[in-house]
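Just below is one structure, and these are the notes that go with it.
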Amino acid sequence: MADEEFDIDARVQMNGLLLKKPFGGKGNKWQKRFFIIKEGFLLYYAESEKKAFDRSGHFNIHPKGVVPLGGITVKPSDDSLAQGRYEIIICHKDFKGIITLAAESALDRENWISVISLSGKVTWKNAQLGEALVQKLEDNSKKIAEEKQAYLEQLEEEANALKEEKGRKEELEKMAEVLRQEKADVEKHARELREEKEFTTKELEQSLLQMRQIEQAKEELAKTTEGLAQELEDVDMQRRLLDEEKQLAEELLVEKERRARQLEEERTQYDETTSELKMSLETAALEKQRTEHRLKQEKMSRVKTEKRLRIAEDSLRRLDRALKESGVKIDIELETDVSNLRKFFEESIEEAKFDAEMPVIMRNAVTAQVEFKRQSRKIENDDVSMSSLGSPPPEETVRPKPKKRISTASLTSPDIPENPPLTSPTSTSMSSAEDDALPPPPPPEDM
């Protein structure tokens with residue numbers, strides 16, 4: 001075994017690929033080598049050694065060459081910078097010539113120079129110790145080879161022993177086959193027992209489930225019984241309420257029948273009132289036609305009367321003025337003529353007032369027609385309510401409505417000034433009939 005004084009598993013200070021020229025100026029051909037700096041020594045290997053180092057983390061103890069770095073001088077060189085090589089010059093007074101290396105970049109060159117410079121501080125004694133280390137590594141390698149050979153011989157002996165055991169193993173396999181068969185039978189019987197156990201367990205679970213269901217059914221039955229008892233009490237209470245409602249409904253039915261009789265009486269009254277309204281409207285329509293005809297005639301006569309009235313007023317003023325100026329005594333016949341003329345003026349004024357009040361009669365006729373329609377709709381609504389026998393709320397007292405008698409005098413509009421001789425349809429129809437029977441008054445003669 002290797003001496004523990006030299007640990008080949010120790011970490012290295014730096015490693016990587018560099019280009020190298022042959023030492024001693026034997027040629028200018030660049031060769032790529034794998035370099036390692038370890039404890040003041042620069043070890044280099046073939047390029048393929050880098051993969052083994054990266055994989056295992058251990059360096060080979062048989063390098064291609066070893067360069068002691070104690071007391072060396074290292075510096076950069078730019079001779080091959082144009083070819084993309086960054087050269088490193090290593091020299092020592094005891095070396096024959098110089099060692100020329102090249103990195104792939106300026107940064108790599110600086111790193112190598114820095115580590116090599118630090119390693120160059122190692123003494124020459126350490127360099128000699130490095131040679132002893134290499135020799136020791138070689139001795140350890142030989143010892144490992146001897147141990148390897150002894151291990152191989154031991155393996156061969158073990159292989160022979162295994163062959164002997166192989167025969168015994170075949171016998172054991174036969175016995176194992178028998179045991180496997182027996183094991184299969186036992187497992188089959190165990191499966192049957194497990195299935196029987198599972199079946200029994202399921203039956204027990206179903207029995208427990210049925211028992212729980214029966215308990216739940218009992219509880220639900222008890223709750224249902226309590227609910228039915230409560231519902232029975234509610235039914236009794238509802239029955240009592242229904243009896244009370246039935247009695248109240250009978251009372252309401254009697255009240256409805258009484259109200260129906262009242263509505264029937266009111267309907268009879270409304271029918272009579274409707275007949276009177278229809279007759280009043282027919283009379284008003286006839287009066288309207290007569291009034292329109294008379295208005296046309298009166299309008300024509302009014303124009304003529306106004307013209308004659310202005311002429312008569314002018315003549316009367318001239319006559320009065322002439323009599324006052326002359327101072328002549330007025331005889332009885334002239335005084336009578338003046339009185340007749342004055343009476344004629346007064347009658348003309350009354351006729352003019354009647355003509356001015358004629359639109360009021362027309363409005364009264366239209367108002368009567370609207371009131372008739374409103375009363376007709378009210379009667380129809382009362383008929384619908386009577387047919388449905390709608391009863392008022394129980395807490396309200398049903399009072400019979402007073403009988404209504406609609407007169408023709410109530411059809412006048414409250415906004416129109418009352419004028420009984422003109423607005424009353426009855427009096428109007430009578431006066432119109434008398435006017436139709438009499439011829440129109442003759443126009444006054446011109447003075």
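Throughout, residue positions are numbered sequentially from 1 according to the sequence presented. In this text, all values refer to a predicted model and were calculated from it rather than measured experimentally.
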Residue pair Arg321, Arg318: steps toward the side-chain contact (heavy atoms from CB on, under 4.5 Å) verdict: CA-CA 5 Å; Arg321 187 169 55 253; Arg318 286 196 301 271; 3.5 Å; yes

Closest non-hydrogen atoms of Arg33 and Ala46, given as atom of the first, atom of the second and distance, are CD-CA, 4.3 Å

What is the distance from atom CG of Leu241 to atom CG of Asp236, rounded to the nearest 0.5 Å? 11.0 Å

Within a reach of under 6.0 Å around CD of Glu156, are more than 12 heavy atoms found that belong to other residues, nucleotides or ligands? no

Side-chain donor/acceptor of Ser301 to backbone N/O of Glu298, under 3.5 Å: yes

With sequence neighbours excluded, residues passing side-chain contact (heavy atoms from CB on, under 4.5 Å) with Lys188: Arg191, Glu192

Any side-chain heavy atom of Leu232 within less than 4.5 Å of one from Leu228? no

Yes or no on side-chain contact (heavy atoms from CB on, under 4.5 Å) for Ile90 and Ile116, after CA distance, side-chain angles and deciding distance? CA-CA 9 Å; Ile90 299 174; Ile116 292 172; 4.0 Å; yes

Locate the shortest heavy-atom distance separating Trp112 from Asn15; write the atom from each residue and the value. CZ2-C, 3.8 Å

Considering all heavy atoms, the nearest Glu187-Arg194 contact: O-NH2, 4.4 Å

Over-ring placement of Lys50 relative to Tyr45, 6.0 Å and 45° cut-offs: no

Hey, does Ile99 have a side-chain heavy atom less than 4.5 Å from the side chain of Leu101? yes

Should the heavy atoms of other residues, nucleotides or ligands under 6.0 Å from CD of Glu104 be counted, would the total exceed 12? no

With a 4.5 Å heavy-atom cut-off, do Asp185 and Gln181 have their side chains touching? yes

Mind running side-chain contact (heavy atoms from CB on, under 4.5 Å) on Lys29 and Lys21 for me, showing each step along the way? CA-CA 6 Å; Lys29 184 178 180 181; Lys21 279 185 177 182; over 6 Å; no

Let me have the donor-acceptor pairs involving side chains of residues 197-213, under 3.5 Å, with sequence neighbours excluded, atom names and distances please.
from   : atom 1 : to     : atom 2 : distance (Å)
Thr200 : OG1    : Glu196 : O      : 2.8
Thr201 : OG1    : Lys197 : O      : 2.7
Ser207 : OG     : Glu203 : O      : 2.9

Quick one, Val12 and Phe59 - any side-chain contact, counting heavy atoms below 4.5 Å? yes

Candidate pair Leu179 and Glu182, rule side-chain contact (heavy atoms from CB on, under 4.5 Å), full reasoning: CA-CA 5 Å; Leu179 292 174; Glu182 293 178 356; 3.9 Å; yes

Give the minimum heavy-atom separation between Pro63 and Tyr44, together with the two atoms involved. CB-O, 3.7 Å

Partners of Phe34 by ring-ring contact (aromatic ring centres under 6.0 Å, His included), sequence neighbours excluded? Phe53

Between Phe35 and Leu17, is there a side-chain heavy-atom distance shorter than 4.5 Å? no

Validation row: Leu19, Gln31 side chains within 4.5 angstrom (heavy atoms): no

With side chains defined as the heavy atoms from C-beta onward, is the minimum distance between Leu18 and Lys32 less than 4.5 Å? no

Heavy-atom closest pair, residues Lys75 and Ile113: C-CD1, 4.3 Å

CD1 of Ile214 to CG of Leu221: how many Å apart, nearest 0.5 Å? 12.5 Å

I'd like to know if the side chain of Arg109 and the backbone of Ser77 have a donor-acceptor N/O pair within less than 3.5 Å. yes

Between Asp243 and Arg239, is the closest basic N to carboxylate O distance under 4.0 Å? yes

Walk me through it: do Glu306 and Arg302 pass the test salt bridge (Lys or Arg N to Asp or Glu O under 4.0 Å)? CA-CA 6 Å; Glu306 288 179 355; Arg302 182 179 178 181; 3.0 Å; yes

From Glu245 CD over to Leu252 CG, what is the distance, rounded to the nearest 0.5 angstrom? 10.5 Å

Output the distance between atom CG (Leu316) and atom CD1 (Ile311), rounded to the nearest 0.5 Å. 13.5 Å

Side-chain contact test, heavy atoms from C-beta onward, threshold under 4.5 Å: evaluate it for Ile89 versus Val74 and give yes or no. no

So, taking the atom named NZ in Lys169 and the one named CG in Leu162, what distance separates them when rounded to the nearest 0.5 Å? 9.5 Å

Where do Ile72 and Gly120 come nearest, in terms of heavy atoms and distance? CG1-CA, 4.1 Å

Ser119 side-chain N/O to Val115 backbone N/O, donor-acceptor pair under 3.5 Å: yes

If the threshold is 4.0 Å, N to carboxylate O, is there a salt bridge linking Lys223 and Glu220? no

One pair to check against salt bridge (Lys or Arg N to Asp or Glu O under 4.0 Å): Glu177 and Lys174. What are the steps and the verdict? CA-CA 5 Å; Glu177 184 66 26; Lys174 293 179 181 179; over 6 Å; no

Rounded to the nearest 0.5 angstrom, the CD-CD distance for Gln238 and Glu231 is 9.5 Å

Between the side chains of Gln297 and His293, is a donor N or O closer than 3.5 angstrom to an acceptor N or O? yes

